[in-house]
> 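Okay, handing you the structure first.
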Amino acid sequence: MTLIPQGLRRRKTIPALFAVLAVLLGLGTVGADTPAGAATGAATVKAGATPALPCAQLTQLDLGALKDASTQIGSAATVAAKDNKQGDWEACDVHGIIAPQLQFEILLPTRTWQGDYLQDGCGAYCGSVGIQTAAAEGCAPLTDGAFAIATDNEGHYGTAGFDAAFGADPTLRAAFGYQSEHQLALAAKAVIARYYGAPAKRSYFDGCSQGGHEALTEAQRYPHDFNGIVAGSPASVMTELNLFYQAWNARANTRADGSPILTAADLTPLHQAVLDKCDAADGTKDGLVSDPLACHFDPGSIACHGRASTTDAFCLTPAQISAARKLYQGPRDTQGDLLYPGWQVPGSELNWVAWLVPAAPGAPTIDPLIAQSTLRYMVNQNIDGSATYRDVKFTRAVFQRVTAANDGMYDAIDPDLSAFRAAGGKLILWAGWADAAISPVGTVGYYTAVEKAMGGSAATQDFARLFMLPGVSHCAGGQGPSEFDALTAITDWVTRDRAPASLLTSMTDSDGTTTASRPVYPYPAIAVDTTGGPVDQASSYTAEPGTRLGSLKWLGAFRSGYETVSGWVDGRWVTRPGRS
């Protein structure tokens with residue numbers, strides 16, 4: 001269950017750098033005299049595969065017998081390049097349903113397809129169909145129509161981002177929890193093979209938040225579906241995230257009368273207090289906390305001690321100190337044990353708005369809505385339409401009951417990626433260090449478990465790398481540069497075995513002008529301005545050792561063997577152990 005839908009911006013004009021990368025990937029051409037890395041105009045994609053069938057004829061395909069993905073094509077129509085929201089390329093736009101009600105869309109380039117398939121993840125509790133690729137800013141093959149692209153609604157219709165009413169049906173729970181993306185991969189690949197008369201040569205998955213959860217589910221349960229996977233800010237510890245973490249955040253900052261303890265006006269000076277302590281400690285004074293695992297900030301250090309807080313001398317009341325400490329500590333039981341592997345990270349304060357601090361007096365926040373919907377429809381056998389986030393109990397007994405019943409279906413926390421690695425799969429994990437919606441600590445904790453399961457850091461980096469973005473909020477935005485292209489990086493890794501040594505992130509204004517850029521290195525390395533150059537230019541930075549996450553103790557564990565599979569057998573809903 002995720003949080004914000006991941007695709008927050010439409011693609012911008014392709015920067016010259018990515019046009020050159022497209023050429024290196026064999027997906028575009030520039031003049032023969034252009035030196036490598038030189039600035040060029042827009043990439044020119046070479047002619048692609050010729051379709052073997054007319055677009056409209058796809059509605060006549062009989063895919064009802066497709067194993068594990070009985071499919072019905074509802075419509076197929078040509079979309080002119082000028083009307084294609086994904087880029088300036090003509091496409092066959094296909095819509096259909098995989099039984100019982102997984103709705104999907106596939107965009108098939110009519111002239112530019114270069115043989116690859118890209119599957120886009122969903123956002124929030126999904127419930128609608130819309131292609132919105134994440135972490136692919138400036139990816140020329142994407143915007144120029146080199147990929148066939150598909151996405152889905154995770155098997156149900158939803159009226160709002162966190163509408164979880166579908167959870168009343170066990171079939172729809174299973175589709176949402178682990179089945180939908182595998183089913184779409186089967187169906188989309190079958191349609192591609194019929195339309196072009198040849199199968200896709202390579203397949204990729206890209207998603208953030210719930211899309212990141214889908215991505216890790218694919219790597220863990222269906223290791224042969226995709227050659228390359230990009231998983232951003234994954235909502236992978238799903239049961240614990242959407243019940244305990246969100247309810248804890250909501251309760252921590254809410255008085256008995258329902259009013260907030262910390263308000264939006266408090267967050268800027270609170271954030272500044274964190275920067276005063278930790279900004280320069282990471283080696284670069286740039287208004288960001290680049291090594292938050294080394295930042296130990298106590299809200300009590302700015303206590304009011306009986307005086308009033310003012311604009312010139314901000315301070316926190318005892319109630320505010322208590323609320324902030326709870327947020328920085330994460331959800332815990334009465335013995336102090338974590339119920340979710342994460343907490344609000346120092347440096348994320350400005351991004352608390354809307355999630356756990358109202359944007360304005362009387363405005364709603366997102367966290368209690370997620371916890372309420374999860375409690376009502378997702379984690380109990382019976383629907384409780386009157387339950388709210390205040391009914392969540394932070395106890396070991398409740399944790400064990402809820403997770404035992406639901407982790408096997410919803411969570412994607414298995415660190416054993418040996419089958420994915422053996423299949424030649426490559427994985428890029430990423431998250432924003434200032435993400436208030438899904439704690440980045442959980443993502444680092446999962447990657448740490450993968451390192452342990454897969455033979456250590458070096459062995460893991462041969463096929464999987466984690467990139468942590470300073471100051472970046474949930475899937476995009478925040479205070480740090482958040483625009484980057486992991487899609488080109490993953491395709492280059494798959495096709496040329498060139499593991500990404502760094503990702504170039506940038507920030508642009510409303511006119512599309514780059515205002516800041518910065519490299520991000522594989523965890524645990526951090527970018528430090530070692531040259532004395534401008535902190536808003538990538539050329540000023542080099543990789544330096546960062547702080548590794550130590551022992552992450554919580555009531556759960558990143559483990560293998562917890563997965564379950566479910567289905568109808570002779571009219572009974574049966575759940576048994578197993579990955580798929």
> Please check if any side-chain donor atom of E154 sits under 3.5 Å from a side-chain acceptor atom of Q210, or the reverse.
yes

> Any ion pair linking E563 and R221 (charged N to carboxylate O, less than 4.0 Å)?
no

> For residues Y117 and F147, establish whether the separation of their ring centroids is below 6.0 Å.
no

> Please answer whether the main-chain N or O of W89 pairs with a side-chain N or O of N84 as donor and acceptor at a distance below 3.5 Å.
yes

> For D497, which residues count as a side chain to side chain contact (heavy atoms under 4.5 Å, CB included) partner, sequence neighbours excluded?
K426, W493

> Are the side chains of L53 and L61 in touch, meaning some heavy atoms are under 4.5 Å apart?
yes

> Among all residues two or more places apart in sequence or in another chain, which pass the side chain to side chain contact (heavy atoms under 4.5 Å, CB included) test with S373?
Y125, A164, Y377

> Please list, chain by chain and in numerical order, all residues satisfying ring pair (Phe, Tyr, Trp, His ring centres under 6.0 Å) with W433, sequence neighbours excluded.
none

> Identify the residue among Y523, F484, F467, Y521 that makes a ring pair (Phe, Tyr, Trp, His ring centres under 6.0 Å) with W430.
F484

> Going by side chain to side chain contact (heavy atoms under 4.5 Å, CB included), name the residues that satisfy it together with A219, two or more places apart in sequence or in a different chain.
I229, L417, F420

> Which pairs with one or both residues in residues 149-183 pass disulfide bond (SG atoms under 2.5 Å apart), sequence neighbours excluded?
none

> In chain order, what residues pass the side chain to side chain contact (heavy atoms under 4.5 Å, CB included) check against H95, with sequence neighbours excluded?
S75, D93, E105

> Does the distance from a Lys or Arg side-chain N to an Asp or Glu carboxylate O, for R559 and D416, drop under 4.0 Å?
no

> Can you find a side-chain donor-acceptor pair between T133 and D206 that sits under 3.5 Å?
no

> Under 3.5 Å, is there a donor-acceptor pair linking the side chains of H182 and D225?
yes

> So that I know where these two stand, are F558 and W554 an aromatic pair - ring centroids less than 6.0 Å apart?
yes

> Any chance the rings of Y204 and F226 have centres within less than 6.0 Å?
no

